[in-house]
Asks: 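Have a look at the structure that comes next, please.
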Amino acid sequence: MEDHTSIQKAQSAITAETLMKDLQSLGVRQGDVLIVHSSLRSIGWVAGGENTVIQALMEFVSSSGTIVMPAQTSDNTDPKYWKNPPVPEEWWPSIRYFMPAYLPDITSTLGMGRIAEAFRTFPDVKRSGHPSCSFTAWGKHASFITDHHSVDFAFGEQSPLARLYELDAAALFIGTDYSSCTAMHLGEYRANDGRKAFKQGSAMMENGERVWRVYWELEETSERFNEIGQAFEQEIPVATGSLAQSACKLIPIRPLVDFTARYFNSLSKQQSD
């Protein structure tokens, strides 16, 4: 069993107190605004699992700060773009017609991990209204971050990412890397590198009715995010540490977003020369 292996690897019981001490050592402070990307498995065996991790984050940061997590639902998208796995083209109309509408209170996340999925169910956690690229938030700035999330260009200027940039937030990696760093998509959006927009679609509620909404998205190149993150760390100091058995990083969002935009612009210029 996975838990049995985790217990064998653990040197001592991992509790909320353990996690809060590690957060302090990493440089997290009360009142911080954090977007958290996490892998529960990387932490080791935690007494109380994902709920303990969330409670430790909330208690340590406190309601004077804000915790944000991605809550994406990538299965609520146009099936013509699905690749892992693809579905037959003759299924596409039925999927678009029968896909349940995105409902912030009940729609499960997909591929975000156990911590992010549990976080969305906690009291006073708010969720943005984007049908496939939503974010959840708790704390002082939760409404500011999640309200008015534009359906078009989900990671653009009318997104929670832009609000995090305004708040000078930080990204906290718990056993993850830059490949899952959603904030870097804002850098992609701000890059003037000629990337194309395309039409996406999702099921959502409008005026009390379920509709299939078509909207605009921008091409993404997240496969380069680790490469960009490594280059970023050559210029900007990044706090590193651990949360129990998990390797962690605490990264300021503003310089990372700015660096990402410059990086893509530089790539575009090199390709055009």
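Side chains are part of it too, since the values below use all heavy atoms of this structure and drop only hydrogens, waters and symmetry mates.
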Asks: Taking all heavy atoms of Ala154 and all of Ser159, pick out the closest pair and write down the distance.
Replies: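 Heavy atoms only, the tightest pair is O-CB, 3.0 Å.
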Asks: Which distance, rounded to the nearest 0.5 Å, do you find between the CH2 of Trp138 and the CD1 of Ile67?
Replies: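 Output value for this atom pair is 5.5 Å.
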Asks: Can you establish whether the number of heavy atoms outside Gln24 located under 6.0 Å from its atom CD is more than 12?
Replies: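 No, not enclosed.
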Asks: Determine, step by step, whether Thr52 and Thr15 satisfy the side-chain contact (heavy atoms from CB on, under 4.5 Å) criterion, reporting the C-alpha distance in whole Å, the side-chain angles of both residues, the deciding distance to 0.1 Å, and the verdict.
Replies: CA-CA 7 Å; Thr52 294; Thr15 65; 5.7 Å; no
Asks: Output the distance between atom SG (Cys248) and atom CG (Leu23), rounded to the nearest 0.5 Å.
Replies: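 If I round to the nearest 0.5 Å, the distance is 7.5 Å.
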Asks: Give the other cluster members for Met205, using side-chain heavy-atom distances under 4.5 Å between Ile, Leu, Val, Met, Phe, Trp and Tyr residues; answer none if it is isolated.
Replies: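 Result for Met205 is Leu103, Ile106.
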Asks: With no hydrogens and no angle check, just 3.5 Å: does a side-chain donor-acceptor pair link Arg120 and Thr136?
Replies: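 Note: Arg120 and Thr136 side chains miss the donor-acceptor criterion.
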Asks: Considering non-hydrogen atoms only, spot the tightest contact between Ala16 and Ala56 and give its length.
Replies: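 In terms of heavy atoms, the two residues are closest at O-CB, 4.0 Å.
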Asks: Same cluster for Leu172 and Ile35 if Ile/Leu/Val/Met/Phe/Trp/Tyr side chains link at under 4.5 Å?
Replies: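 No, because Leu172 and Ile35 fall into different hydrophobic clusters, even though each may have its own neighbours under 4.5 Å.
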Asks: Between Phe122 and Ile115, is there a shared hydrophobic cluster once you connect ILVMFWY residues whose side-chain heavy atoms come closer than 4.5 Å?
Replies: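 As far as the 4.5 Å side-chain criterion goes, Ile115 and Phe122 are connected within one cluster.
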Asks: Taking the six-membered ring of Tyr165, is the NZ or CZ of Arg190 close enough (under 6.0 Å from the centre) and on axis enough (within 45°)?
Replies: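 Geometry flag: set, cation within 6.0 Å and 45°.
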Asks: Decide whether Val238 and Val36 are clustered together by the hydrophobic rule: side chain heavy atoms of Ile, Leu, Val, Met, Phe, Trp, Tyr closer than 4.5 Å, transitively.
Replies: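 Different clusters: Val238 never reaches Val36 through Ile, Leu, Val, Met, Phe, Trp or Tyr contacts under 4.5 Å.
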Asks: Drop me the distance from Asp32's CG to Leu167's CG, to the nearest 0.5 angstrom.
Replies: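 Between atom CG of Asp32 and atom CG of Leu167 there are 11.5 Å.
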Asks: Out of curiosity, Leu243 CG to Leu26 CG, how far, rounded to the nearest 0.5 Å?
Replies: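 One gets 8.0 Å once the value is rounded to the nearest 0.5 Å.
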Asks: Between side-chain atoms of residues 81-90 and protein atoms elsewhere (two or more places apart, or another chain), which donor-acceptor pairs fall under 3.5 Å?
Replies:
{"from": "Tyr81", "atom 1": "OH", "to": "Lys199", "atom 2": "O", "distance (Å)": "2.7"}
{"from": "Trp82", "atom 1": "NE1", "to": "Thr77", "atom 2": "OG1", "distance (Å)": "2.9"}

Asks: Test of understanding: with side-chain contact (heavy atoms from CB on, under 4.5 Å), list the residues that count as partners of Arg96, not counting sequence neighbours.
Replies: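 Partners of Arg96 by the side-chain contact (heavy atoms from CB on, under 4.5 Å) criterion, ordered by chain and then number, come out as Asp78, Pro79, Lys80, Trp92, Trp212.
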Asks: Mind checking what makes side-chain contact (heavy atoms from CB on, under 4.5 Å) contact with Thr146, not counting sequence neighbours?
Replies: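 Once residues adjacent in sequence are excluded, the partners of Thr146 under the side-chain contact (heavy atoms from CB on, under 4.5 Å) criterion are Lys126, Ser128, Ala137.
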Asks: Give me each pair satisfying ring pair (Phe, Tyr, Trp, His ring centres under 6.0 Å) with a member in residues 217-245, each pair once, sequence neighbours excluded.
Replies: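 Output for this query lists His185-Phe225, Phe232-Phe259.
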Asks: Tell me the closest heavy-atom pair linking Leu250 and Ala170, and the distance in Å.
Replies: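 Heavy atoms of Leu250 and Ala170 come nearest at CD1-CB, 4.0 Å.
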Asks: Do you know which two heavy atoms are closest between Thr107 and Ala101, and how far apart they sit?
Replies: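 What the structure gives for the nearest pair is OG1-O, 4.0 Å.
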Asks: Apart from Tyr97 itself, what residues make up its hydrophobic cluster when side-chain heavy atoms of I, L, V, M, F, W and Y under 4.5 Å apart count as a link, directly or indirectly?
Replies: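 Result for Tyr97 is Phe98.
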Asks: Show your reasoning for whether side-chain contact (heavy atoms from CB on, under 4.5 Å) applies to Arg127 and Tyr102.
Replies: CA-CA 11 Å; Arg127 191 175 186 181; Tyr102 169 70; 3.1 Å; yes
Asks: State, with a plain yes or no, whether a side-chain heavy atom of Val68 is found less than 4.5 Å away from one of Pro160.
Replies: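 Of all side-chain heavy-atom pairs linking Pro160 with Val68, none is under 4.5 Å.
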Asks: Sequence neighbours excluded, which residues qualify as side-chain contact (heavy atoms from CB on, under 4.5 Å) partners of Ser180?
Replies: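 His37, Thr176.
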Asks: Check the side chains of Thr260 and Tyr178 for a donor-acceptor pair under 3.5 angstrom, ignoring hydrogens and angles.
Replies: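 No donor-acceptor contact under 3.5 Å links the two side chains.
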Asks: Applying salt bridge (Lys or Arg N to Asp or Glu O under 4.0 Å) as the test, list every pair that has at least one member in residues 232-243; sequence neighbours left out.
Replies: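 Checked against salt bridge (Lys or Arg N to Asp or Glu O under 4.0 Å) - neighbours excluded - the pairs reaching residues 232-243 are Glu233-Lys249.
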Asks: First locate atom CE of Met184, then atom CD1 of Ile251, and finally report the distance between them rounded to the nearest 0.5 Å.
Replies: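 Here the rounded value is 8.5 Å.
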Asks: Answer with yes or no whether the side chains of Tyr263 and Asp193 bring together a donor and an acceptor at under 3.5 Å.
Replies: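 Side chains of Asp193 and Tyr263: no pair found under 3.5 Å.
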Asks: What pair of heavy atoms forms the shortest contact from Gly175 to Ser42, and how long is it?
Replies: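 Heavy atoms of Gly175 and Ser42 come nearest at CA-OG, 3.4 Å.
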Asks: Just verifying a value: how many Å separate Thr109 OG1 and Arg114 CZ, rounded to the nearest 0.5 Å?
Replies: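 Going from the OG1 atom of Thr109 to the CZ atom of Arg114 covers 12.0 Å.
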Asks: Are more than 12 heavy atoms, taken from residues, nucleotides or ligands other than Glu59, located less than 6.0 Å from that residue's CD atom?
Replies: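 Counting neighbours around CD of Glu59, 12 or fewer heavy atoms of other residues, nucleotides or ligands fall under 6.0 Å, so no.
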Asks: Taking the side chain as C-beta and beyond, is there a heavy-atom pair between Ile253 and Leu186 under 4.5 Å?
Replies: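 A side-chain contact is absent here, since even the closest heavy-atom pair is not under 4.5 Å.
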Asks: Quick check: are there more than 12 heavy atoms from other residues, nucleotides or ligands sitting under 6.0 Å from CD of Glu17?
Replies: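 For Glu17, atom CD is not crowded (no more than 12 foreign heavy atoms under 6.0 Å).
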Asks: How far apart are the C-alpha atoms of Ser38 and Val53, what are their side-chain angles, what is the distance that settles it, and do they pass the side-chain contact (heavy atoms from CB on, under 4.5 Å) test?
Replies: CA-CA 10 Å; Ser38 59; Val53 177; over 6 Å; no
Asks: Is there a path of hydrophobic side-chain contacts, each under 4.5 Å between heavy atoms of I/L/V/M/F/W/Y residues, joining Phe135 to Val257?
Replies: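 Val257 and Phe135: one cluster.
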Asks: Write out all pairs satisfying salt bridge (Lys or Arg N to Asp or Glu O under 4.0 Å) with one or both partners inside residues 135-144, taking only residues at least two apart or from two chains.
Replies: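 Those involving residues 135-144 do not exist here.
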Asks: Please, which pairs that meet salt bridge (Lys or Arg N to Asp or Glu O under 4.0 Å) have at least one residue in residues 212-223, sequence neighbours excluded?
Replies: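 Residue pairs passing salt bridge (Lys or Arg N to Asp or Glu O under 4.0 Å), neighbours aside: Glu206-Arg213.
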Asks: Considering non-hydrogen atoms only, spot the tightest contact between Val28 and Phe60 and give its length.
Replies: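 It is O-CE2, 3.1 Å.
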Asks: For the pair Glu166 and Arg163, find out whether any cationic side-chain nitrogen is under 4.0 Å from an anionic carboxylate oxygen.
Replies: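 Salt bridge flag = yes for Arg163 with Glu166.
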Asks: Considering residues at least two apart in sequence or located in another chain, which fulfil the side-chain contact (heavy atoms from CB on, under 4.5 Å) criterion with Ser150?
Replies: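 In terms of side-chain contact (heavy atoms from CB on, under 4.5 Å), with neighbours along the sequence ignored, Ser150 is linked to Asp152, Gln158.
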Asks: Show, in sequence, the C-alpha distance, side-chain angles and deciding distance for Met112 and Glu117, and conclude whether the side-chain contact (heavy atoms from CB on, under 4.5 Å) test is met.
Replies: CA-CA 7 Å; Met112 301 291 102; Glu117 171 59 16; 6.0 Å; no
Asks: Got a sec, which residues hit salt bridge (Lys or Arg N to Asp or Glu O under 4.0 Å) with Arg262, two or more places apart in sequence or on another chain?
Replies: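 Partners of Arg262 by the salt bridge (Lys or Arg N to Asp or Glu O under 4.0 Å) criterion come out as none, since no residue qualifies.
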Asks: Side-chain contact test, heavy atoms from C-beta onward, threshold under 4.5 Å: evaluate it for Val125 versus Phe119 and give yes or no.
Replies: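 Yes. Closest side-chain heavy atoms under 4.5 Å.
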Asks: Does the side chain of Val61 come within less than 4.5 Å of Leu34's, by heavy atoms?
Replies: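 Touching, per the 4.5 Å side-chain cut-off.
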